[in-house]
Amino acid sequence: MPVRAESPQGRFAAGALQIDGQVLLDADAHGKHLLLELGDDRWLHIHLGIYGTCTFGPPPVPAPTGAVRLRLMGANGYADLRGPATCELLEPGDKKALHDRLGPDPLRADADPGIAWRRISRSRTPIATLLMDQSIVAGPGNIYRAEVLFRQGIDPGRLGRDLTFGQWTAIWADLAALMADGMRSGRIDTVHPEHTPEAMGRPPRKDDHGGEVYVYRRATMPCLVCDTEIATTVLAGRNLFWCPRCQAEPDPPAAP
């Protein structure tokens, strides 16, 4: 069925005109990028960024409110896109170039974690920074980088080249599982069963992202595992959280 498209805000008017009436054939996602295939062999590329939102609603379609960059309408309802970092049309070759510049995505069946490992294992950059580089690993954001490093007991300041292959495979497997759970539930929960509010007899966490976590946004609060105060700093332009005890670097071997 054809999709109706319009740009109430006007900033994507030319693009909306080109896709109006086209048939939506397929959807693809790579990291934080959504790609919709239209009937003219072109792809609508959307990246929400930090401030973008996409809201959905059933028919009847109401008058748009606010700065709606793109509205897509079909028989079953509508979707309004506001404030995205990217909203553009791609030719097939441009889509391939986008995939090529992104790292493997833990949610994709075709992802090869070895591609990321080859870059990480040679890097003098902290692993917490590397996990936020979408050209190395596509998909994880600030919450997942902090939580997966805690769950694996890895100091966020450890350099990529000092990470072992076993640690990397554990990080990748944990990311894949956590992100898949988050996609299914619509919220980010990273605590093990023994550390849930019910198991520990503590109040549920109240936060915008709506999930139970170990360290994210818990600065100065006690670690759920060892009671050490959660630390925070800014790394790669984002607030980083970790437990100085659970994620302490191992002592170097004693001199012979």
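Counting begins at 1 with the first residue of the sequence. It should be emphasised that the depicted structure is a prediction, and the values quoted were computed from it without experimental measurement. Quick note: numbers below take in every heavy atom, side chains included, and nothing from hydrogens, waters or symmetry partners.
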Next on the checklist: Show, in sequence, the C-alpha distance, side-chain angles and deciding distance for I115 and R118, and conclude whether the side chain to side chain contact (heavy atoms under 4.5 Å, CB included) test is met.
Outcome noted: CA-CA 5 Å; I115 295 174; R118 287 191 286 275; 3.3 Å; yes
Checklist entry - Where do L35 and H99 land on the side chain to side chain contact (heavy atoms under 4.5 Å, CB included) test, with the steps shown first? => result CA-CA 11 Å; L35 298 128; H99 288 297; 4.1 Å; yes
Checklist entry - Passes side chain to side chain contact (heavy atoms under 4.5 Å, CB included), D133 versus T125? Steps please. => result CA-CA 11 Å; D133 186 338; T125 300; over 6 Å; no
Checklist entry - So D174 and Q152, side chain to side chain contact (heavy atoms under 4.5 Å, CB included) or not? Walk me through it. => result CA-CA 8 Å; D174 210 13; Q152 298 304 319; 3.0 Å; yes
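With hydrogens and angles disregarded, a donor-acceptor distance shorter than 3.5 Å links the side chain of T232 to the backbone of L240. With hydrogens and angles ignored, the 3.5 Å screen pairs no side-chain donor or acceptor of E88 with any backbone N or O of W43. Between the side chain of E212 and the main chain of R205, a donor-acceptor pair closer than 3.5 Å is present. The backbone N or O of A27 lies less than 3.5 Å from no partner atom in the side chain of E37, so there is not a single donor-acceptor pair. Formation of a donor-acceptor pair under 3.5 Å by the E6 side chain with backbone atoms of L72 is not found in this model. Side chain of D80 to main chain of R71: no donor-acceptor pair is present (N/O by atom type, distance under 3.5 Å, no hydrogens or angles). Between the side chain of R4 and the main chain of Y78, no donor-acceptor pair closer than 3.5 Å is present. Under a 3.5 Å cut-off, the side chain of S7 and the backbone N or O of F12 do form a donor-acceptor pair. Panel note: side chain R82, backbone G66; no donor-acceptor pair is recorded below 3.5 Å. A donor-acceptor pair under 3.5 Å is absent between the side-chain atoms of Q9 and the main chain of L70, judged by distance alone.
Listed here is the closest heavy atom pair of H33 and H45: ND1-NE2, 2.8 Å. The two atoms that bring L130 and G160 nearest to each other are CD1-CA, 3.8 Å, heavy atoms only. When all heavy atoms of V234 and N239 are compared, the pair lying nearest together is CG2-OD1, 3.5 Å. G39 approaches L25 most closely through the heavy-atom pair CA-CD1, 4.0 Å. Heavy-atom minimum distance, L102 versus A138: CB-CB, 4.3 Å. Annotation for I136 and P104: closest pair O-CD, 3.1 Å, computed over non-hydrogen atoms.
Between L44 and L34 the shortest side-chain heavy-atom distance does not fall below 4.5 Å. With contacts defined as side-chain heavy-atom distances shorter than 4.5 Å, the pair Y216/R145 does not qualify. The shortest side-chain heavy-atom distance between C246 and F150 falls under the 4.5 Å cut-off. Annotation: side chain of R151 is not in contact with side chain of L175 (no heavy-atom distance under 4.5 Å). Contact annotation: the side chain of F241 never approaches that of R218 to less than 4.5 Å [non-hydrogen atoms, C-beta and beyond].
Summarising the local packing, CZ of R245 is surrounded by 12 or fewer heavy atoms from other residues, nucleotides or ligands at distances under 6.0 Å. Heavy-atom neighbours of D100 CG from other residues, nucleotides or ligands within 6.0 Å: above the threshold of 12. Other residues, nucleotides and ligands contribute more than 12 heavy atoms inside 6.0 Å of the CZ atom of R158.
Here the straight-line distance linking atom CZ of R101 with atom NE2 of H30 works out to 10.5 Å at 0.5 Å rounding. In this structure, D162 CG and S123 OG are separated by 10.0 Å, a value rounded to the nearest 0.5 Å. Distance check: L163 CG to W117 CH2 gives 5.5 Å after rounding to the nearest 0.5 Å. With rounding to the nearest 0.5 Å, the separation of CD in Q22 from CG in L36 is 13.0 Å. Here R217 contributes atom CZ and N142 contributes atom CG; the two are 8.5 Å apart, rounded to the nearest 0.5 Å. Note that NE2 of H195 is 9.0 Å distant from CZ of R202, once rounded to the nearest 0.5 Å.
A continuous path of hydrophobic side-chain contacts links L81 to L24 [ILVMFWY only; heavy atoms under 4.5 Å]. No chain of hydrophobic side-chain contacts below 4.5 Å, direct or via other Ile, Leu, Val, Met, Phe, Trp or Tyr residues, connects W242 to L131. Cluster membership check: W168 shares its hydrophobic cluster with L107, using side-chain heavy-atom separations under 4.5 Å among Ile, Leu, Val, Met, Phe, Trp and Tyr. Transitive grouping of hydrophobic side chains (ILVMFWY, heavy atoms separated by less than 4.5 Å) brings L224 and I154 into a common cluster. Placement of L159 and V137 in two distinct hydrophobic clusters is found when ILVMFWY residues are connected by side-chain heavy-atom separations under 4.5 Å, directly or transitively.
For Q18, the side-chain contact (heavy atoms from CB on, under 4.5 Å) criterion is met by R42, L89, not counting sequence neighbours.
Between D41 and K95 no salt bridge is recorded (no basic side-chain N to carboxylate O distance below 4.0 Å).
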